[in-house]
Amino acid sequence: MVEDWKSYEPLIIPDIPNLHRIEVYEEHDGYRAFRRILDNPEEWSRTNVTNEVKAANIRGRGGAGFNAGLKWSFMPQPDERPRYLACNGDESEPGTFKDRNIFEFNPHLFIEGALIAAYAMSVDVIYVYIRGEYIDWVRIFEKAVEEAYEKGYLGEDILGTGIDIEMYTTYGAGAYICGEETGMLESLEGKRGYPRIKPPFPAQKGLWGNPTTINNIETLANVPLVINNGADWYQSIGAEDHNGPVLYGISGHVNKPGVYEYPAGMPVEDLIYDVAGGIRGNKELKALIPGGTSTPVLRADQLEGVSMDSNSLRDAGSMMGTAGMVVLDEDTDMVDLLWRITHFFHHESCGQCTPCREGTGWLEKVLLKIKNGEGEIKDLDLLLDMTTQMEGRTICALADAAAWPVRHTINRFRDEFEERCKKSVHAVA
Amino acid sequence: MTEQELAFTQDELDEIERIKAKFPTNKAATLRVLWVAQEKYGHVKPEVQNLVADTLDLPRSHVHGVASFYTQYYKEETGTYVLDVCTCLSCQVCGGYDILHHLEDELGIKAGETTEDGMFTIQEVECLGACGYAPMLQVTNGVYANNLTKEKVDKLIENL
Ligand SMILES: NC(=O)C1=CN([C@@H]2O[C@H](COP(=O)(O)OP(=O)(O)OC[C@H]3O[C@@H](n4cnc5c(N)ncnc54)[C@H](O)[C@@H]3O)[C@@H](O)[C@H]2O)C=CC1
Ligand SMILES: Cc1cc2nc3c(=O)[nH]c(=O)nc-3n(C[C@H](O)[C@H](O)[C@H](O)COP(=O)(O)O)c2cc1C
Ligand code: SF4
Ligand code: FES
């Protein structure tokens with residue numbers, strides 16, 4: 001757990017005016033990591049860059065926490081095929097609103113990170129896929145890309161090295177499932193965002209069948225920090241086995257919601273009470289959803305001593321996810337909340353897999369019944385049973401993501417759900 | 001407008017060429033060209049989808065499939081302003097439904113409907129990635145209106 005966080009200086013979104021402009025970024029050592037690599041290609045061979053990033057243990061900030069450098073190492077040896085890096089800026093997990101801050105306040109840090117990744121994996125083309133609703137941020141980001149082209153960091157013969165890397169920005173049109181990495185690849189290919197069966201993983205068969213790596217925007221923004229300061233330094237920030245800076249998006253019933261950058265492993269209570277200013281109206285904390293809708297809700301009494309890193313959250317009974325923390329006060333109606341969550345997943349299921357398409361629909365239907373006071377206690381067990389039938393049986397993790405909140409919310413707030421159910425005939429008699 | 005009258009201007013065709021140049025296939029440009037069409041016509045009804053398909057030399061069925069999959073494309077005509085009210089997780093717990101119901105009352109329509117004068121359409125939508133500024137809404141796939149109160153909503157409608 002991190003204790004000395006009060007002295008922490010933000011690295012991903014530092015407080016520097018106009019950092020989104022390339023001159024300002026360069027004045028603050030911007031593109032230094034990338035230049036260093038290009039200037040010392042022996043010290044910084046493609047393999048060495050990958051190994052350094054792997055050693056740093058940048059856990060994927062898109063939610064699954066996979067080591068970024070390790071993922072890069074899955075790319076096959078270059079052959080005649082084009083190679084791609086697809087950057088995931090779809091950001092649609094309810095409670096998650098952090099990547100847009102990078103587009104807005106420090107886009108060049110991300111571009112530099114993507115360039116280093118592209119160099120390490122011998123990538124020819126970088127696609128940046130942003131959710132369509134973020135059109136204003138797309139425009140902001142496109143300006144940054146233009147600047148990077150003008151300065152010679154992108155395009156042909158980058159800084160006179162003979163290396164060519166293109167970066168193309170594109171955007172979606174409203175579909176949560178396009179954040180799932182293979183759904184995003186389908187969308188980039190101009191199709192419906194139907195996730196693909198894995199394996200083959202995208203490194204083997206990605207965009208148009210070619211080697212492709214997918215990383216989240218925030219993940220890539222961490223890469224220049226590692227090259228500038230080394231893997232050991234990066235490892236020393238945050239918690240054991242979950243390190244580096246994290247953008248915590250805090251929403252719900254707090255006085256000061258927003259995106260805050262602190263090390264991984266922050267004490268949950270410090271984030272809620274110090275960073276985000278405590279609960280609105282001086283109410284009691286009831287529960288926390290730590291990392292976006294799909295991560296299991298934790299009751300206030302489960303949060304003592306818990307920190308925001310994968311080990312601590314796993315022990316507490318949840319997951320880090322996207323670090324999009326939704327804080328819930330004592331007045332929160334957990335039945336209404338869970339119904340709305342299942343409505344979301346039902347709406348967003350792409351419909352390819354029967355357990356997901358039908359399962360999410362039934363979850364919503366039964367929960368609506370309970371919400372309206374027409375459910376019975378046995379419906380709760382039916383719901384729990386359905387979750388086990390959905391989990392692990394589908395093409396992508398959306399079905400799991402829909403099942404987990406149902407199971408854990410019912411188990412952790414069973415009284416509240418039972419109270420909402422009709423008393424059975426037997427109980428009355 | 002009849003189907004024969006639909007056409008992209010030269011500027012739009014140039015824009016479409018620039019989009020196509022980003023990708024190795026025409027198909028990959030589908031989403032972006034649907035956006036170009038929606039900006040021009042305000043919707044992508046079936047005849048507009050056909051224009052997109054013909055311009056990109058793609059099967060019309062492909063473009064219909066894509067247009068129907070993504071929620072931001074308007075498959076029917078909408079009001080001049082589309083108010084997308086988020087009622088998802090963080091907005092729900094911060095009063096998103098109050099905002100939605102207030103709008104419905106003020107405009108005399110339900111979510112999914114358009115006012116008689118054709119000015120406003122209300123839609124209830126999923127998380128828009130602005131959870132820290134809840135409750136919020138988005139105006140016609142563009143501007144975000146954050147930290148809403150009923151008063152702020154009234155002012156917003158007045159000023160549109
Ligand atoms: N940022 C957001 O808005 C959202 C994030 N999520 C998060 O997404 C997570 C699930 O994502 P998934 O991609 O399904 O997780 P995953 O665990 O299947 O994969 C994580 C990454 O590691 C790679 N990978 C895993 N095993 C591999 C292997 N054996 N070989 C090669 N590559 C491998 C995958 O290709 C992927 O890039 C959830 O935990 C959730 O928190 C979910 C919804 C929205
Ligand atoms: C249903 C679903 C939606 C997802 N949405 C996103 C998303 O919006 N943004 C994101 O970065 N990752 C999302 N992911 C995770 C991606 O599949 C993938 O793990 C991630 O982009 C890889 O990048 P990272 O390793 O750098 O985190 C989603 C996963 C699932 C199952
Ligand atoms: S699990 Fe659900 S969202 Fe994922 S591919 Fe299957 S039907 Fe689609
Ligand atoms: S829940 Fe409304 S913007 Fe995220």
Side-chain angles (χ1 to χ4, degrees), chain A residues 82 91-100 125 127 131-137 166 168-176 178 187-194 207-208 249-253 256-259 280 289 292-293 324 326-329 332-333 336-337 340-341 343-344 347-348 350, chain B residues 18-35 38-39 44 56 58 62-63 65-74 84 86-97 123-136 138 140-144 146-147:
Chain A
E91 182 146 271
S92 313
E93 173 87 336
T96 311
F97 54 107
K98 60 183 180 75
D99 293 336
R100 57 179 258 188
V125 176
Y127 285 107
R131 64 180 299 180
E133 293 87 347
Y134 280 1
I135 191 66
D136 284 353
W137 288 270
E166 301 293 339
Y168 298 129
T169 311
T170 194
Y171 46 95
Y176 168 71
C178 294
S187 186
L188 273 167
E189 292 182 9
K191 299 183 263 180
R192 294 172 161 229
Y194 286 147
L207 278 173
W208 301 285
I250 310 181
S251 66
H253 300 135
K256 293 191 295 175
V259 175
R280 282 185 194 172
I289 297 175
T293 355
V326 186
V327 177
L328 304 168
D329 74 16
T332 311
D333 184 327
D336 281 8
L337 183 89
R340 189 61 184 77
I341 290 175
H343 172 75
F344 169 79
H347 184 259
E348 300 297 340
C350 83
Chain B
R18 282 194 295 277
I19 292 168
K20 278 161 65 180
K22 294 180 175 200
F23 305 103
T25 65
N26 270 11
K27 191 180 254 182
T30 307
L31 272 79
R32 293 293 297 277
V33 177
L34 278 166
W35 273 118
Q38 179 153 301
E39 244 151 69
V44 288
L56 288 173
L58 292 170
H62 164 73
V63 177
V66 172
S68 61
F69 185 81
Y70 294 92
T71 53
Q72 284 193 287
Y73 296 129
Y74 303 137
D84 284 342
C86 177
T87 57
C88 205
L89 189 61
S90 307
C91 289
Q92 178 196 19
V93 302
C94 292
Y97 278 101
Q123 301 192 124
E124 183 182 350
V125 298
E126 300 303 332
C127 177
L128 290 170
C131 325
Y133 321 100
M136 58 82 61
Q138 181 172 29
T140 329
N141 290 328
V143 174
Y144 277 29
N146 293 327
N147 299 315

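Sequence lines set the chain letters: A, B, ... in the order given, protein chains first and strands last, and positions in each chain run from 1.
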TODO: Answer yes if the side chains of Glu133(A) and Tyr171(A) hold a donor-acceptor pair under 3.5 Å, and no otherwise.
DONE: no

- [ ] Could you look at Leu337(A) and say if it's the side chain, the backbone, both or neither that has a heavy atom under 4.5 Å from chain B?
- [x] both

- [ ] Name the option with the most non-hydrogen atom pairs under 4.5 Å to chain A; the candidates are Ser90(B), Gly142(B), Pro24(B), Ala67(B).
- [x] Pro24(B)

TODO: Flag the pair Trp137(A) / Glu91(A) as yes when at least one side-chain heavy-atom distance between them is below 4.5 Å, and no otherwise.
DONE: no

TODO: For Gln38(B) and Gln72(B), indicate whether the former's side chain and the latter's backbone hold a donor-acceptor pair under 3.5 Å.
DONE: yes

- [ ] Could you tell me whether the side chain of Glu189(A) and the main chain of Lys27(B) form a donor-acceptor pair under 3.5 Å?
- [x] no

Task: Under 4.5 Å from a heavy atom of chain B, the part of Arg100(A) involved - done: side chain

Task: Proximal component of Thr293(A), with respect to chain B [non-hydrogen, under 4.5 Å] - done: both

Open item on the list: Does the plane of the ring in Phe97(A) sit parallel, tilted or perpendicular to the ring in Tyr133(B)? Use 30° and 60° as the thresholds.
Closed with: perpendicular

Open item on the list: Only pairs of heavy atoms separated by less than 4.5 Å count here; which of Ser92(A), Gly95(A), Ala175(A), Pro82(A) has the most with chain B?
Closed with: Gly95(A)

Open item on the list: Need one label for Asp99(A): side chain, backbone, both or neither, based on atoms under 4.5 Å from any heavy atom in chain B.
Closed with: neither

Open item on the list: With chain B as the partner, which of Thr332(A), Ile250(A), Thr170(A), Asp333(A) has the greatest number of non-hydrogen pairs under 4.5 Å?
Closed with: Thr170(A)

Open item on the list: Tell me which of these, Gly324(A), Cys178(A), Ser187(A), has more heavy-atom pairs under 4.5 Å with chain B than the rest.
Closed with: Ser187(A)

Open item on the list: I want to check something: taking the side chain as every heavy atom from C-beta on, are Cys94(B) and Arg280(A) in contact at a cut-off of under 4.5 Å?
Closed with: yes

Task: Option that, when pairs with chain B are counted at under 4.5 Å, heavy atom only, ranks first among Tyr176(A), Phe344(A), Tyr194(A) - done: Phe344(A)

Open item on the list: I need the minimum non-hydrogen distance between Ala130(B) and Asn146(B), along with the two atoms involved.
Closed with: CB-OD1, 4.1 Å

Open item on the list: Please identify, among Asp136(A), Ile135(A), Ile341(A), Leu188(A), the residue contributing the most non-hydrogen atom pairs under 4.5 Å to chain B.
Closed with: Leu188(A)

Task: chain A interface, residue from Leu89(B), Thr25(B), Val125(B) that has the most non-hydrogen pairs under 4.5 Å - done: Leu89(B)

- [ ] Give, as side chain, backbone, both or neither, the part of Glu166(A) having an atom under 4.5 angstrom from any heavy atom of chain B.
- [x] neither

Task: Top contributor to chain B interface from His347(A), Arg131(A), His253(A) [non-hydrogen pairs under 4.5 Å] - done: Arg131(A)

- [ ] Against chain A, label Val33(B) side chain, backbone, both or neither, depending on which of its atoms sit under 4.5 Å from a heavy atom there.
- [x] neither

Task: Validation row: Phe23(B), Leu207(A) side chains within 4.5 angstrom (heavy atoms) - done: no

Open item on the list: As an exercise: rank Phe69(B), Tyr73(B), Trp35(B), Tyr144(B) by heavy-atom pairs under 4.5 Å with chain A and give me the winner.
Closed with: Phe69(B)

Task: Any donor-acceptor N or O pair under 3.5 Å, side chains Tyr97(B), Arg340(A) - done: yes

TODO: With a 4.5 Å cut-off on heavy-atom pairs, point out which of Val93(B), Asp84(B), Val143(B) contacts chain A the most.
DONE: Val93(B)

Open item on the list: Keeping Glu124(B) on the side-chain end and Thr87(B) on the backbone end, is there a donor-acceptor pair under 3.5 Å?
Closed with: no

